[in-house]
Amino acid sequence: MDKKKLSTPQITKIALMVAFVSAASYLRIPLPFSEAAITGQTLAVNLVALTLSPLEAFITLLCYWLLGLVGAPVYGGASGPGKMFGPAGGYFIGFIVAVVLIAWLRGKKYNIVRYALVAILIGIPIIDGAGFVWMKFAAGMTWKAAFFAGFVPFIPLDIVKCIAAVLIAKPIQVAFYAMEDSMGHGGKKKVEEV
C-alpha cells in the first residue's frame, strides 16, 4: 500500500464509519440537569476505535467534526460552530483523542478483555473528562456542578455502550477484512481471538 495515499477500502471504511457516527448522534436522551445528552455517539466512537487503525479512526472523527463545523446535520440535527464550541463541545474533542488512543492500545488481534478494558479505562475518562472540563468553562459552572452534570450521569450507560461496541467489533472487523479481500487489497481472512 502506498503510504502517502489512502486505499479504496480505507476510504470506504472511513466513509461508512462517518455515516454511522452521524446516525448514532440522532439516538439521544436529553438530560434536564445537563448541557449534554445521552447519545449513541459513544457506542459509535468506540466501534470506530475498535475496528479501524489509529490513522483511519483519526480521519473518521476529524471528518465528522469538520462536517458538523461547516453545517452538515451530523450532531443529532444540530450543527455549526455554536454546537461545536458550545457547552458540549468538549466531548467532540474527547472523541478524537479517544479513538486514536483506543485504536492504538487495543492491540493487533481481537481480544474481548483487552478491548473492553481499553474502551472503558481509556475511552470513558478521556471523552467524559474532556466533556465536563469544557462544560465547566463554556457554561460557567463550578467544578462540582460540571462534574455531576457532564461526567457522572454518563458513566453507567457508557460502560454498557463500551461492552456493546466490543461485542459488535469482531463481526465488523471480519466484514472489513472481507471487503479488503474482495477489492484485492489483501485483507485478513478472519479475526483471530487470543
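Please read all numbers here as calculations on a predicted model, not as lab measurements.
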| Can you tell me how far CZ of Phe58 sits from CZ of Phe95, rounded to the nearest 0.5 angstrom? | 15.5 Å
| said: Determine whether a donor-acceptor pair (N or O, by modelled atom type, separation under 3.5 Å) exists between the side chain of Trp134 and the backbone of Phe92. | reply: no
| said: Let me check something: do Phe85 and Leu62 share a hydrophobic cluster, defined by ILVMFWY side-chain heavy atoms less than 4.5 Å apart, either directly or through other members? | reply: yes
| note | The ring-ring contact (aromatic ring centres under 6.0 Å, His included) partner of Trp143 among Phe151, Phe137, Phe148 is Phe137
| Spacing of CG belonging to Leu52 relative to CG belonging to Leu50, to within rounding of 0.5 Å | 9.5 Å
| What about Ile163 and Leu27, same hydrophobic cluster or not, with Ile/Leu/Val/Met/Phe/Trp/Tyr joined at side-chain heavy-atom distances under 4.5 Å? | no
| message | If I take atom CG from residue Leu61 and atom CD1 from residue Ile93, how far apart are they, to the nearest 0.5 angstrom? | response | 12.0 Å
| What are the two closest non-hydrogen atoms of Ala165 and Asn46, and how far apart are they? | CB-CB, 3.6 Å
| message | Just verifying a value: how many Å separate Thr42 OG1 and Tyr91 OH, rounded to the nearest 0.5 Å? | response | 9.0 Å
| request: Could you tell me the separation between the CG atom of Leu66 and the CD1 atom of Ile59, rounded to the nearest 0.5 Å? | output: 11.5 Å
| task | Report yes or no: does Thr60 contribute a side-chain atom to a donor-acceptor pair with the main-chain N or O of Met17 at less than 3.5 Å? | result | no
| request: For residues Ala138 and Gly86, report the shortest heavy-atom separation together with the two atoms involved. | output: CB-O, 4.0 Å
| request: Sequence neighbours left out, what passes side chain to side chain contact (heavy atoms under 4.5 Å, CB included) with Ser53? Give chain and number order. | output: Leu55, Glu56
| query | Do you reckon Tyr26 sits in the same ILVMFWY cluster as Val74, going by side-chain contacts under 4.5 Å, direct or chained? | reply | no
| query | Does Thr142 offer a backbone N or O that forms a donor-acceptor pair with the side chain of Lys136 under 3.5 Å? | reply | no
| task | Find out whether Glu180 and Gln10 are in side-chain contact, i.e. whether some heavy atom of one side chain is under 4.5 Å from a heavy atom of the other. | result | no
| said: Do Ile155 and Val118 land in one hydrophobic cluster if side-chain heavy atoms of ILVMFWY residues count as linked below 4.5 Å? | reply: yes
| Any chain of hydrophobic side-chain contacts (each under 4.5 Å) joining Phe176 to Ile11? | yes
| said: Evaluate Gln41 against Tyr64 for side chain to side chain donor-acceptor pair (under 3.5 Å), listing each step before the verdict. | reply: CA-CA 11 Å; Gln41 287 168 309; Tyr64 172 71; 2.4 Å; yes
| note | Minimal heavy-atom distance between Val18 and Cys63, with the atoms involved, is CG2-CB, 3.9 Å
| query | Do you know the tightest heavy-atom contact between Ala149 and Met141? | reply | CB-CE, 3.8 Å
| Hey, what do you get for SG (Cys162) to CD1 (Ile124), rounding to the nearest 0.5 Å? | 4.0 Å
| task | Might you point out which heavy atoms bring Ala98 and Ile127 nearest each other, and give the distance in Å? | result | CB-CG1, 3.7 Å
| task | Would you indicate whether the side-chain heavy atoms of Pro125 and Leu121 approach each other to under 4.5 Å? | result | no
| said: For Leu105, is there any backbone N or O sitting under 3.5 Å from a side-chain donor or acceptor partner on Arg114? | reply: yes
